[in-house]
Amino acid sequence: MAASPHTLSSRLLTGWVGGCVWYLERRAMQESPHKFMHLFRNINKQWITFQHFNFLKRMYVTQLNRSLNQQVKPKPEPVTSPFLEKTSSGQAKAEVHELRPISPPSLPLSRKANEKELIELESASVIEASIDVGNATKEEKQWKEMKLHVDDLPGILARLSKIKLTALVVSTTSAGFALAPGPFDWPCFLLTLLGTGLASCAANSINQFFEVPFDSNMNRTKNRPLVRGQISPLLAVSFATCCALPGVALLTWGVNPLTGALGVFNIFLYTCCYTPLKRISIANTWVGAVVGAIPPVMGWTAATGCLDAGAFLLGGILYSWQFPHFNALSWGLREDYSRGGYCMMSVTHPALCRRVALRHCLALIGLSTAAPILDVTTWTFPVISLPINLYISYLGFRFYRDADRKSSRKLFFCSLWHLPLFLLLMLTCKQPPGGGSDKGEPQS
Amino acid sequence: MASLRSGRRTVVSHLCRAFTGPGSHLAPERGAPRRDAAPSRVSRFCPPRKSCYDWIGPPDKCSNLRPVHFYIPENESPLEQKLRELRQETQEWNQQFWANQNLTFRKEKEEFIHSRLKAKGLGLRAESGQKATLNAEEMADFYKEFLSKNFQKHMYYNRRAQHVSCLCSLRHSEQRETAHPRPSSSGG
């Protein structure tokens, strides 16, 4: 039997999604293999984005950052050492070296000693003045004109829209589309991806617009474009609008109104519910989990046009996945959250944080069993996904019991590879078109 | 016709100014001294005369926010001035809030560490001579306490920040309305 276009497309898509994910993960690993060892040692770190398929929520980029709590401890006022170490003028160094041999004045040489003291004082004041000037010049150089450079604009907009996170969100949507039953429609698929991507860019930009002072105070986010003044807030909001309008229009008129509505709803949920809730209540985590769950649902509704059980199953899987992923991550960011005023379970209700993470690891086992029941996958799926589900549940249990950095780190990293693998397995075990369906057969 | 052309130029110049950053101006007046709304915190920085853009500085040591030197255009309208002053005030208020927040955090954190170390019977310095610290699990109590203690402060900050941002957008739109008012329905 010839492979139906649908099966072929599913396989291609599986391959593509797998390839994307593998590539992105590999890049993550390659960027800092040993850096991963340092993660969690210092809570002021940034994370690589495998926040897979987490619609519009958080992006983490690894950077080797060994500096301690820069926000908490103001830099010590440089007295002599920084300037001398840099020695922009060798003269200053020479003067200092000259100063050292000067011993405290002895009586018979009191006059000479006084003169020497004066010279010493003068030299010291010259050095201090030079240090001041040095510092002032150094500070002045750090001031930047707030002029938009068109060459830099693509990079700036990419960072503003959290382009890597958006890419991952789009890949969850594509997984949802591919898992949906029915013939695979390439134009619809591409429009869905484009529309979702634009909506995600818009939501991320608005989120950054709202959070500038908070982002400034966290190491993970202090290099964002608005924090650095690389673009104006007006331009950021205009960009968001220019993404949201065509994105939603594409989804509504190019795909179907249901998907468009879900897109609008998700933008609203992220920017107007999740973002302010972060500072008010721990309920933000649950709202954020819904935000992450909607993109695969959008992929499903784009393919089928309706919100059926399969859509909810996929949404449920992404929803559950958010908790072990985020709760484990937030365990290491408690200091920044506390100082910044973010209400997170890891700070306010640590036991709940770990309990919820474990609960949802176990829920993933249940959801993978529901997949064949709802005709989304074959019965092979719960069997072959059991090992990875058991493993993440085990790590969830360790986190629950041990409540330390090591266990939280392990759980977080497991979640990074667990989800892409889980979705890939789902795609490979996708329920083929039923016996009653003649779509794949040529007409007689 | 002439008025239409000049109107269009004004629109374009205002749009460009808005997009490239507040306070920027397309046609700098050569020789005119640059006027700035310097931040009230002591900063020796003075932008170059010829620049007609805002300037943004390095993160402040205490608040971690980057100060902005707002450019004052020669023909600044009263509304533009109001907007600029509002932004200036907001910046200063933000700086104060976060500087205070971070300093308080640092101070209370050190007090907490000292008291815990004392309770454990340990000195402030470890055997290696480095400053003794507590691990993250021991600090968790402090983070929770600090967050709940400062909750009201943050709520007040968030409410005020929202109010100010609404005011800013209102003033911004007022300013643009004044700059190029909508044509009346009478036409001609």
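Reminder, nothing fancy here: chain letters follow the sequence lines and each chain counts from 1.
With a 4.5 Å cut-off on side-chain heavy atoms, Phe105(B) and Ser338(A) count as touching. Tyr337(A) places none of its side-chain heavy atoms less than 4.5 Å from the side chain of Leu147(B). Proximity of Met146(A) to Val68(B): side-chain heavy atoms (C-beta onward) are separated by under 4.5 Å at one or more points. With a 4.5 Å cut-off on side-chain heavy atoms, Pro213(A) and Tyr157(B) count as touching. Here the side chains of Glu335(A) and Tyr143(B) are in contact, with some heavy-atom distance below 4.5 Å. Counting only heavy atoms from C-beta outward, the side chains of Val212(A) and Leu65(B) never approach each other to under 4.5 Å. Taking the side chain as every heavy atom from C-beta outward, Arg106(B) and Arg339(A) never approach each other to under 4.5 Å.
For Phe210(A), no part sits under 4.5 Å from any heavy atom of chain B, backbone or side chain. Only the side chain of Met155(B) comes within less than 4.5 Å of a heavy atom in chain A; its backbone stays farther off. For Asn150(B), no part lies under 4.5 angstrom from a heavy atom of chain A. Only the side chain of Phe151(B) comes within less than 4.5 Å of a heavy atom in chain A; its backbone stays farther off.
Here the closest heavy-atom approach between residue His154(B) and residue Gly341(A) is recorded as NE2-CA, 3.4 Å. Scanning both residues, Ser51(B) and Glu145(A), for their nearest heavy atoms gives OG-OE2, 2.7 Å.
Side chain of Lys144(B) to backbone of Thr348(A): a donor-acceptor contact under 3.5 angstrom is found.
Leu157(A) is linked by a side chain to side chain contact (heavy atoms under 4.5 Å, CB included) to Leu153(A), Leu160(A), Phe239(A), counting only residues two or more places apart in sequence or in another chain. In this structure, the side chain to side chain donor-acceptor pair (under 3.5 Å) partners of Ser407(A), at least two apart in sequence or on a different chain, are Asp404(A).
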Output, in order, the C-alpha distance, side-chain angles, deciding distance and verdict of side-chain contact (heavy atoms from CB on, under 4.5 Å) for Phe214(A) and Asn158(B). CA-CA 11 Å; Phe214(A) 298 91; Asn158(B) 292 328; 3.4 Å; yes
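At most 12 heavy atoms of other shown residues, nucleotides or ligands fall within 6.0 angstrom of atom OH in Tyr400(A). The number of heavy atoms from other shown groups lying within 6.0 Å of NZ (Lys153(B)) is above 12.
If you tally non-hydrogen atom pairs under 4.5 Å between each of Gly229(A), Ser346(A), Pro350(A), Ala403(A) and chain B, the highest count goes to Ala403(A).
Atom-to-atom distance recorded for Ser232(A):OG and Ile56(B):CD1 is 11.0 Å, nearest 0.5 angstrom.
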